[in-house]
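Data first, discussion second: the structure below is written as structure tokens.
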Amino acid sequence: MTKRNEKTRETTLYIIGNGFDKHHDISSSYYDFQDWIKAQSKKDIRFAFTIQQLERFFNAKAKLWSNFEHNIGKYDTNVVAIQRWGLFPEFLTIETMEMVKDVVVSSGFNCLGSLSETLTSVFRRWVPTINTDKKPDNDLNLSNSALYLTFNYTDTLERLYNISPDNILHIHGSVLTPEKPFIVGHNNYIDPLSVVIEGNDFRDNNERIDRICEMNGLIKPCYDIIERNSSFFERLKQVNSVIVMGHSYSDIDLPYFKKVKSSVLPEATWKMGWHTTKDKSETYIYQKELKLSDSQILRFEF
């Protein structure tokens, strides 16, 4: 690669969110994930357990991934603290649950992992089923010489636009690297000791502490992830244009954006795409958090 190409390769960074996949009619929303789990729950107890827990403890109607991740961090600590993950749920909330329960009980199976373990396992099985065999949007003019930071697990960039994997960082994992973990979670740490009840049997309090610790296990380790991918951020030193497509600007992912801001040229321009009015309003919060001047920002509907 020539020096000129090297310079060109490092002047533009695209930041890609789930809205990018939805723009291409790819079924990768939380709704799609939930529907898939429900379909699978008819034959696999782990799926039934996951959807049952999601519906009981969280807002399972969240449409956007950012909403879903926000919701799983806003669980009811009192409800979760008394939940014994290792036992098959005594209450059922979807049509197929009774059938599944009968099958499981008759087989003598009555033990399940924690929600964090189950959710991660089920999520890993869902991602490879997402169909990315769609048509590219040539109007986007994506360049193979640019760099890409994507929050998506799909191979949309590689498959539809022939972007070199060397120029892409799947910050939370990729279907193309199944040996690496997929990361999904929240950013709301709860002090496990906050659920201790004075006067309770110590075994009961230990159970309560363990449940909160398990939920803390769903926290995204953003700063550890950034450190593990430091070589990618080093490549951003000459970037003078950042283009955001399909991201909802959630507070959960703000640490990544701050790292980008500190890595690119100080005068770099930021083109922030938005889809909903809420997205657009969030761009102003991001602008303030990233300390970007009005002259550095261009907002566009995506």
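Heavy atoms only: backbone and side chains are in, while hydrogens, waters and symmetry mates are out.
The side-chain heavy atoms of F151 and N18, taken from C-beta on, include no pair separated by under 4.5 Å. By the 4.5 Å heavy-atom criterion applied to side chains, I15 and I243 are not counted as neighbours. Two residues are said to be in side-chain contact when any heavy atoms from C-beta on lie closer than 4.5 Å; I171 and T150 fail this criterion. Side chains of V196 and R208 form no contact here, defined as non-hydrogen atoms less than 4.5 Å apart. Inter-residue side-chain proximity for F232 and L13 is flagged as met; some heavy-atom pair is nearer than 4.5 Å. F20 is not listed as a side-chain neighbour of Y14, based on a closest heavy-atom distance of 4.5 Å or more. S248 has its side chain out of reach of E282: every pair of non-hydrogen atoms, C-beta onward, lies at least 4.5 Å apart. At least one side-chain heavy atom of L157 sits under 4.5 Å from a side-chain heavy atom of L142.
For the residue pair H172 / Y256, a side-chain donor-acceptor distance below 3.5 Å is found, with atom types taken as modelled. Defined by atom type and a distance below 3.5 Å, a donor-acceptor pair is missing between the side-chain atoms of N240 and T11. The closest side-chain donor-acceptor pair between H170 and N152, if any, does not fall under 3.5 angstrom. With 3.5 Å as the limit, one finds a donor-acceptor pair spanning the side chains of S29 and D32.
In terms of heavy-atom proximity, Y286 sits nearest to D253 at OH-C, 3.7 Å. When all heavy atoms of Q287 and R299 are compared, the closest pair comes out as OE1-NH2, 2.6 Å.
In this view, D224 and P221, R228 satisfy the side chain to side chain contact (heavy atoms under 4.5 Å, CB included) rule, not counting sequence neighbours. With sequence neighbours excluded, no residue satisfies side chain to side chain contact (heavy atoms under 4.5 Å, CB included) with D35.
A 6.0 Å sphere centred on OH of Y223 holds no more than 12 heavy atoms belonging to other residues, nucleotides or ligands.
Residue pairs meeting the side-chain hydrogen bond (donor to acceptor under 3.5 Å, both in side chains) criterion with at least one member in residues 259-276, sequence neighbours excluded, are T276-D279.
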| task | Check step by step if side chain to side chain donor-acceptor pair (under 3.5 Å) holds for S293 and Q296. | result | CA-CA 5 Å; S293 66; Q296 289 179 276; 3.3 Å; yes

| task | Take H24 and D137 through the test side chain to side chain donor-acceptor pair (under 3.5 Å) and record every step on the way to the result. | result | CA-CA 8 Å; H24 295 83; D137 182 350; 5.7 Å; no

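Tested against T132 for a side chain to side chain donor-acceptor pair (under 3.5 Å), the candidates D21, D155, T156 yield a single pass: D155. Of the residues F33, Y153, Y30, F182, the one that meets the ring pair (Phe, Tyr, Trp, His ring centres under 6.0 Å) test with W126 is F33.
N131 places no side-chain N or O within donor-acceptor distance of the main-chain N or O of I26, the cut-off being under 3.5 Å.
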